[in-house]
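One structure follows; several queries about it will come next.
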Protein chains: 2
Amino acid sequence: MSVPAGQHTVRRHNLALVLGVVAGPEPLSRAGVAARTGLTRGTVSSLVEELIEARLVTELAAARGGPGRPASPLRLDPRGPAGLGLEVGVDTVGACVVDLGGTLRVRRTVASDHRDDVPDAALARLAALAADVVTETGLPIAGATVALPGVVGPDGVLERAPNLPRWVDVAVGPALSTRLGGLPVRAGNEADLAALAERWAGGPPDAVVVSGGIGVGAGILLDGTLFAGAGGRAGEIGHVVVDPDGATCHCGGRGCLETVAGWESLTADRPDAVRAAGRALGIALSGAVHLLDVPAVVLGGGYPRCGPLLLDAVRAELEARVLTRAGVEVRFSALGPEAALQGAATAVVQEVLADPGALIARP
Amino acid sequence: MSVPAGQHTVRRHNLALVLGVVAGPEPLSRAGVAARTGLTRGTVSSLVEELIEARLVTELAAARGGPGRPASPLRLDPRGPAGLGLEVGVDTVGACVVDLGGTLRVRRTVASDHRDDVPDAALARLAALAADVVTETGLPIAGATVALPGVVGPDGVLERAPNLPRWVDVAVGPALSTRLGGLPVRAGNEADLAALAERWAGGPPDAVVVSGGIGVGAGILLDGTLFAGAGGRAGEIGHVVVDPDGATCHCGGRGCLETVAGWESLTADRPDAVRAAGRALGIALSGAVHLLDVPAVVLGGGYPRCGPLLLDAVRAELEARVLTRAGVEVRFSALGPEAALQGAATAVVQEVLADPGALIARP
């Protein structure tokens, strides 16, 4: 018997609704979910069964507590479909697995210099690392996202990575998917994924999140979501000019932020280098604040290693240059240099939570 | 007899739908409007009568043309409620009236230097000028928008104008409204209103529209609408840094774009000044393009007076500095230095067209 399309849509919507309530902070039984969503107990039970069968939800043993406590609380199944995060860095590859509850289960980063390399060898290395971490966790994998250190178009193609001159117009997602037995693999800019990770870890909803590495990028958060700009490639703060007659950048320009505040110029234990990087970051960020009117800046990637000297230099520069009175909050990321990798895995989990029906419908 | 709220909402929606179709390029009769909107002829006639009574629509005499031509074409009433545009410049005030069909009916700009002035005298001068242009056109006025040369908050308050040090936190809209007999007056940043004017005149949907005057600002268009940023004050390109150790700016910063490409530094008939301004614009705009990923730049305000020398300098700088391959289209505005004033008046007309019911419902 076929089901009308409208019913499919409503059921898919309700699956997401129930899963969203189960993912919330409060443990709820089936009855609690019904009360919270306004669905009938019968509907909730049928949806919960479907979510349990897909290993998205698990039902704990009945609690023996006092009156009012839920009898059999539901929660996200930690053995359920997980997200695989992948990363091609300039001189590393990384892979990690984040489970449905958002817990990082395993993470591996290994040295792999791609500056003079063609993509093939790196992608083979990354696929092998991915297979290792998947085997190690033993979890089913819902999909993967790969973080890339360059300009990623809306179609997921790595168009250009100034620090990887031989990577031009590389369809990294499909190439990795083939090597991973057809697993769906999306691609995103590493700074964008780091910014999302920052937000999912409780960071500010409106912020420029700068990712400092060999390259410097930013993810721009507006109202809690990524700002893509007109063409989908917004946030390339590393190529904002901070010294018009400065050093030549890998991108071909001159005096880009990256030439002063990228990891190849910045030596974390040399105070003069840190001050110069802080000043350059402050100059570029004052431009970003004027253009985007954002109230907060998060410095991630390798920057937290530079300590308060960097933070003070950035703050001083912003204070001297920013027009609006409210001031700009500047802080370090608490996530460390692997934020992008973790964001890549969490992006998969977030997508499953937002539309579990899509996963269930897969053959 | 009272009408249920739902019916009010539907009627208001349908009034806008009918007016939108009438405002389109093709002349349509009542029957044509019915065919285009899917509403019944009876409903269309009743809505059209209401729009005629409000002087928003007029019905032309029946055409005697061949078969298939509309019998009595409807069009926007050029004698209907018009938009009043107002502007406080750094050293001018301006007022204009744009009729319902979008035609500029009268425009006046007079010298009025506000650099050392408190707001009161300027607002009295502007209100008198406004009364003059309204009398001259003889049209009913639906409302006004005032363009301001500084940071305008989402609540319409002029928070700060670096070139008008005595204008701090001025509620310009209410002050003008009082002087204009209670006419609704909104306030907007002049560069934002100039960018909207550019779009309404057929400009690109995704662009940074730079407004060059004593101050330099930009309106950012994304998908045809103004990008407000997180706090509603986006686009302050005049204070993007182009020379970290450059001249002190009125804002308190150093080496802002405005110090090189503002009208006080830029002398349109001195080639070296024009080249320096073009280079500075290119540096600041390359930052904007990297952060916002916009494919087009429009140079408005006084910049078109500088001619191809400026355009070439901006283009050369962008070409040398922009990372993405697609390139950035750069052109002069065709609207001239009064784009903001015209945009302010057109904003009122656009609002009437988008929701005529709001105007009709006014006491």
Side-chain angles (χ1 to χ4, degrees), chain A residues 150-151 153 159-160 162 168-169 204-208 218 220-223 227-246 249 251-257 279-280 282-284 286-296 317 320-326, chain B residues 150-151 153 159-160 162 168-169 204-208 218 220-223 227-246 249 251-257 279-280 282-284 286-296 317 320-326:
Chain A
V151 178
E159 298 177 351
R160 197 175 160 194
V168 177
D169 289 331
D206 297 297
V208 176
I220 297 163
L221 293 170
L222 293 180
D223 207 12
F227 169 69
R233 303 165 188 82
E236 287 292 339
I237 201 169
H239 305 284
V240 167
V241 178
V242 296
D243 179 4
D245 302 309
C249 180
C251 78
R254 258 187 187 287
C256 297
L257 172 64
R279 178 165 194 243
I283 290 169
S286 75
V289 168
H290 281 129
L291 288 168
L292 301 160
D293 192 14
V294 281
E317 205 66 30
R321 296 189 185 274
V322 168
L323 182 63
T324 52
R325 299 155 309 165
Chain B
V151 178
E159 297 177 351
R160 198 176 158 190
V168 177
D169 289 331
D206 296 297
V208 176
I220 297 163
L221 294 170
L222 293 180
D223 207 12
F227 169 68
R233 303 165 188 82
E236 288 291 339
I237 201 169
H239 305 283
V240 167
V241 178
V242 296
D243 178 5
D245 301 310
C249 180
C251 78
R254 259 187 186 285
C256 298
L257 172 63
R279 180 166 192 242
I283 290 168
S286 76
V289 166
H290 281 128
L291 288 168
L292 301 160
D293 192 14
V294 282
E317 206 67 29
R321 295 190 185 275
V322 168
L323 182 65
T324 51
R325 298 155 311 167

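Hydrogens, waters and symmetry mates play no part in the numbers below; they use all other heavy atoms, side chains included. The sequence lines fix the lettering, A, B, ..., with proteins before strands; numbering per chain opens at 1. Remember, predicted model here, so these are calculated numbers, not experimental data.
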| field | Nearest non-hydrogen partners of A:Glu236 and A:Val151, listed with the distance | value |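 It is OE2-CG2, 3.6 Å.
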| query | Quick one: what part of B:Leu291 sits under 4.5 Å from any heavy atom of chain A, side chain, backbone, both or neither? | reply | both
| Which portion of A:Ile220 sits near chain B, non-hydrogen atoms under 4.5 angstrom | side chain
| Where on B:Ala320 is there a heavy atom nearer than 4.5 Å to chain A: the side chain, the backbone, both, or neither? |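 For B:Ala320, the backbone is the part near chain A, not the side chain.
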| field | Residue B:Val242 versus chain A: region with a heavy atom under 4.5 Å | value |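 Backbone only.
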| said: For A:Pro295, give me all partners under side-chain contact (heavy atoms from CB on, under 4.5 Å), at least two apart in sequence or on another chain. | reply: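 For A:Pro295, the residues satisfying side-chain contact (heavy atoms from CB on, under 4.5 Å) (neighbours in sequence not counted) are A:Asp206, B:Ala230.
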| Contact origin within A:Pro205 toward chain B - heavy atom pairs under 4.5 Å |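 Contact with chain B: none, neither part.
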| message | Among B:Pro244, B:Gly235, B:Gly253, B:Cys251, which residue has the highest count of heavy-atom pairs closer than 4.5 Å to chain A? | response |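 Highest number of heavy-atom pairs under 4.5 Å: B:Pro244.
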| field | Main-chain N/O of A:Gly232 paired to B:Asp293 side chain as donor or acceptor, under 3.5 Å | value |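 Yes, the answer is positive, given that a donor and an acceptor are paired below the 3.5 Å cut-off.
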| request: Could you look at A:Ile237 and say if it's the side chain, the backbone, both or neither that has a heavy atom under 4.5 Å from chain B? | output: both
| field | Aromatic ring pairing B:His239/A:His290, orientation class (parallel under 30°, perpendicular over 60°, tilted between) | value |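 Ring orientation, 0 to 90° scale: tilted.
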| Minimum heavy-atom distance between A:Ile283 and A:Arg321, given as atom pair plus value | CG1-NE, 3.8 Å
| task | Name the member of A:Gly231, A:Gly229, A:Ala288 that forms the most heavy-atom pairs with chain B at distances under 4.5 Å. | result |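 If we count pairs closer than 4.5 Å to chain B, A:Gly231 comes out on top.
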| remark: For B:Asp245, the side-chain hydrogen bond (donor to acceptor under 3.5 Å, both in side chains) test, sequence neighbours excluded, returns A:Arg279
